[in-house]
Trainee: 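Dropping the structure in here first, questions after.
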Amino acid sequence: MSVELPKTQEVVLIDDISEGYDTIKYVTDYPVPDDIKDDEILVKNKYSGVNFIEAYFRKGIYPCEHPYILGREAVGTVVYVGRRMAHDYKVGDSVAYIGNSSMAQFTKVSAKSPIINMSKFYIEEELTDELFQKYCASLINVLTVMTFIRESYKVKKNDNILVYAAAGGVGLIFDQLITKIGATVIAVASSDDKLQLAKLHGAKHLINSSTDDIVEKVNEYTNGKGVEAVFDSIGKDTFETSMKVLRLKGTFVSFGNASGPVAPFPLSRLSPKVLKLVRPQLYGYLQEKESWDYYSKEFIRVMDSGELKINISKVYQLGDYKKAAMDLESRKTTGKLILKVPQ
Ligand code: NDP
C-alpha cells in the first residue's frame, strides 16, 4: 500500500571524509528510495534530529561509504508499508524512529530499527507539531540516558556522578534523570551560562572547564573520595581527568569522542582503583525485543508525564544542516538542535 511519491528528494549527505565542513552537501535531486523491502516502511520525515555522531562519520572516526546520507533519528508519516510490516503500520501513521539516513525527505526504516508508532498512542488531535518536535528532540537523547544510567552504570541514590557537556543535548537529560534518582550531578561545561542551564536541569555542583581544575573541584565536592561514575562523552581530552576523579571501584562510562577518540591504553591502568570501564552505544541496549518493549514504553511514559524538560535550542531548515553542525561542533549550542524537513 502506498501513496503517489515524487522521483527525487532533498537530502543532506557527505561525499568524502573531511575534518572541515566542505564535504557536507545539500542535494535537491537525490532519488527517492523505490526498493522498499517486505520488512521496511518508507517514512516522509517532518523533523530530523542533529547529533554529534555525524561529525564522527564526516571525520572518518566511524567508517561509512560515500555518498552517505546523514541523520540518525526523525519523526514523520508512513507513506509505504512493506508486506511483512502491515500488521504494525499503515499508510498515514505517524512514527518516530532511530535509523540511518534521516536527513532526507524520505527514509527507508527497517523492522530492526527502534520505531514508535505514535498513531497507536495518540489520537489525531494530539499529534501536533509541538509533539513531533518534542519526540524528534528526545528519541536518541532520552533513550541514551535512560539506558546508560540503568545498564552502563546503575545510578543509585546518594551517588556522586560526573557529567561532561552537562548543558548539551544528552547532558541536560543526564542532569535531570540522575537527579531524579536521588544522586548528585557534578556538572562540567565550558561556560558559566552553560553551567547555569545545567543547574536549572538539576545539576548540584558546577565545574567550569575553562577556568577550574576539574580534579580539584571533584575532590572538594566529594570530600576527597571521588565519584561513583563518570559519563564521559568528550573522549581524548578528558580521559586522564576521568581516570583521576573516579573513586575506588568506580565506573568509567566512555560514550563519545567530541574531542577525538581515546588513545589505546594498557588495561592494567584500571587495576589500582579496580575500575570498571564500559564503552556503550545506544543501539546495543535497544536491539533485543524485550529491551525495546521496556524502553519504548518507559520513553512514552516519560514524554507524557511532563517530568522531563526537553530543551530545543534551535530548529534549523534541513538545507541549513551545515550551519547546525558548525554551531554544535564549535561548542556554541546548548540542548537539542533539530532540522525541519521541507514537505
Ligand atoms: P552536545 O550537545 O553535548 O554537544 C557537544 C558538547 O561537547 C559541546 O557543547 C561541548 O560542551 C562539549 N565538548 C567538549 N569538548 C569538545 C570539543 N573538543 N569539541 C566539541 N565539543 C566539545 O552533543 P550531543 O548531545 O549530540 O552528544 C553528546 C555526546 O554524546 C557526543 O559525544 C555523542 O557522540 C555522545 N552520544 C553517544 C551515544 C552512544 O550511543 N554512545 C548516543 C548519543 C550521544 P562544553 O562546551 O560545555 O564542554
Side-chain angles (χ1 to χ4, degrees), residues 12 43-55 70-77 94-104 107 109 113-118 121-122 126-149 163 165-178 180 194 197-198 200-202 233 255-256 258 282-283 286 295-296 298-318 320-321 323-325 327-329 331-343:
V12 177
V43 179
K44 184 178 184 203
N45 299 313
K46 285 184 197 296
Y47 291 98
S48 182
V50 175
N51 291 287
F52 213 94
I53 195 172
E54 312 308 342
L70 297 173
R72 280 271 155 319
E73 66 188 333
V75 293
T77 310
S94 295
V95 290
Y97 66 89
I98 298 176
N100 293 349
S101 309
S102 68
M103 290 188 191
T107 304
V109 187
S113 305
I115 311 172
I116 294 175
N117 188 343
M118 297 170 73
F121 299 97
Y122 299 96
E126 290 172 324
L127 292 165
T128 58
D129 197 56
E130 194 187 350
L131 188 77
F132 286 125
Q133 288 197 15
K134 189 170 149 188
Y135 261 67
C136 180
S138 306
L139 208 54
I140 285 186
N141 289 357
V142 172
L143 285 165
T144 295
V145 177
M146 268 182 183
T147 53
F148 287 15
I149 64 171
V163 176
V170 174
L172 291 178
I173 308 296
F174 268 123
D175 299 337
Q176 296 177 76
L177 290 184
I178 291 173
K180 211 166 151 274
K194 285 187 174 186
L197 189 65
L200 278 176
H201 289 73
S233 61
F255 71 101
L282 171 62
Y283 187 63
L286 304 179
Y295 285 115
S296 55
E298 184 58 9
F299 176 84
I300 294 164
R301 187 196 67 71
V302 166
M303 286 293 106
D304 289 346
S305 70
E307 65 195 72
L308 214 48
K309 282 186 239 169
I310 304 300
N311 192 311
I312 301 174
S313 66
K314 192 161 171 185
V315 182
Y316 296 75
Q317 295 299 315
L318 182 67
D320 293 333
Y321 167 69
K323 170 85 175 88
D327 289 347
L328 181 70
E329 292 171 43
R331 305 169 78 160
K332 282 191 192 136
T333 64
T334 56
K336 182 78 177 184
L337 316 179
I338 60 173
L339 305 172
K340 189 169 174 29
V341 180
Q343 296 301 293

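A quick note: this is a predicted structure, and the numbers were derived from the prediction, not measured. The first residue of the sequence shown is numbered 1, and numbering continues consecutively from there.
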Trainee: If you round to the nearest 0.5 Å, how far is CG of L139 from CZ of F299?
Mentor: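 If we round to the nearest 0.5 Å, F299:CZ and L139:CG are 4.5 Å apart.
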Trainee: Side chains of Y321 and L70: does their closest heavy-atom pair fall under 4.5 Å?
Mentor: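 A side-chain contact under 4.5 Å exists here.
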Trainee: Not counting sequence neighbours, which residues clear side-chain contact (heavy atoms from CB on, under 4.5 Å) with T334? List them please.
Mentor: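 Result, side-chain contact (heavy atoms from CB on, under 4.5 Å) vs T334: A167, K194, L197, S313.
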Trainee: Nearest 0.5 Å, what's the CG-CG distance between L337 and N311?
Mentor: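 Here the rounded value is 10.0 Å.
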Trainee: Which residues pass the side-chain contact (heavy atoms from CB on, under 4.5 Å) test with A165, not counting sequence neighbours?
Mentor: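 S233, I234.
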Trainee: How long is the gap from CG on L286 to CD1 on I98, to the nearest 0.5 Å?
Mentor: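 Reported to 0.5 Å precision, the distance equals 5.5 Å.
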Trainee: Quick check on side chain to side chain contact (heavy atoms under 4.5 Å, CB included): which of K314, Q317, M103, K46 does L339 satisfy it with?
Mentor: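 One option only clears the test, and that one is M103.
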Trainee: Might you point out which heavy atoms bring V50 and A324 nearest each other, and give the distance in Å?
Mentor: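 Shortest heavy-atom contact: CG2-CB, 4.4 Å.
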Trainee: Can you tell me how far apart CZ (R301) and CG (L308) are? Round to the nearest 0.5 Å.
Mentor: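 Taking CZ in R301 and CG in L308, the distance rounds to 10.0 Å.
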Trainee: If every non-hydrogen atom of N141 is compared with every non-hydrogen atom of G169, which pair is closest and at what distance?
Mentor: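 Distance-wise, the nearest heavy atoms are ND2-C, 3.2 Å.
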Trainee: Does either side chain, that of N45 or that of T107, offer a donor lying less than 3.5 Å from an acceptor on the other one?
Mentor: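 Side-chain D/A pair, N45 to T107: present.
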Trainee: So do the side chains of Y122 and T128 get within less than 4.5 Å of each other, counting heavy atoms only?
Mentor: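 Heavy-atom side-chain distance check fails, nothing below 4.5 Å.
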Trainee: Considering only heavy atoms from C-beta outward, does the side chain of F132 approach that of T77 to under 4.5 Å?
Mentor: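 Heavy-atom side-chain distance check fails, nothing below 4.5 Å.
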Trainee: Under 3.5 Å, side chain of K336 to main-chain N/O of G49, donor-acceptor pair present?
Mentor: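 Absent.
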Trainee: Checking S138 side chain against Y135 main chain: does a donor-acceptor pair fall under 3.5 Å?
Mentor: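 Side chain of S138 to backbone of Y135, a donor-acceptor pair under 3.5 Å: no, none is there.
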Trainee: Is a side-chain N or O of E329 found less than 3.5 angstrom from the main chain of D327, in a donor-acceptor match?
Mentor: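 It does not hold such a pair.
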Trainee: If you apply the rule side-chain contact (heavy atoms from CB on, under 4.5 Å), what do you find for K340 with L318, and how did you get there?
Mentor: CA-CA 5 Å; K340 189 169 174 29; L318 182 67; over 6 Å; no
Trainee: Is there a side-chain contact between I310 and M303, using heavy atoms and a 4.5 Å cut-off?
Mentor: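 Of all side-chain heavy-atom pairs linking M303 with I310, at least one is under 4.5 Å.
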Trainee: Taking the side chain as every heavy atom from C-beta outward, state whether L328 and E54 have any pair of such atoms under 4.5 Å apart.
Mentor: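 SC-SC contact between L328 and E54 ruled out.
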Trainee: E126 versus F121: any side-chain heavy-atom pair under 4.5 Å?
Mentor: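 No, their side chains stay 4.5 Å or more apart.
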Trainee: Counting only N and O atoms by type, is there a donor-acceptor contact under 3.5 Å from the side chain of K309 to the main-chain atoms of L200?
Mentor: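 Yes; judged by distance alone, with no hydrogens or angles, the pair exists.
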Trainee: Check Y283, Y295, F148 against L143 for a side chain to side chain contact (heavy atoms under 4.5 Å, CB included) and give me the one that passes.
Mentor: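 Answer to the side chain to side chain contact (heavy atoms under 4.5 Å, CB included) test with L143 among Y283, Y295, F148: Y295.
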Trainee: Does a side-chain heavy-atom distance below 4.5 Å link I140 with V170?
Mentor: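 A side-chain contact is absent here, since even the closest heavy-atom pair is not under 4.5 Å.
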Trainee: Please tell me if the side chains of F255 and L282 come closer than 4.5 Å, counting only heavy atoms from C-beta onward.
Mentor: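 Side chain of F255 against side chain of L282, heavy atoms only: no contact under 4.5 Å found.
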Trainee: Does a sphere of radius 6.0 Å around CD in Q343 hold more than 12 heavy atoms from other residues, nucleotides or ligands, not counting ones at 6.0 Å or beyond?
Mentor: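 Yes, because the 6.0 Å sphere around CD of Q343 holds more than 12 heavy atoms from other groups.
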Trainee: For a quick test of reading the model, state the closest non-hydrogen atom pair linking S102 to Y97 and the distance between them.
Mentor: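 Here S102 and Y97 meet closest at CB-OH, 3.6 Å.
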Trainee: Quick one: pull up CG in N100 and OG in S113 and give me the separation to the nearest 0.5 Å.
Mentor: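 Reported to 0.5 Å precision, the distance equals 7.5 Å.
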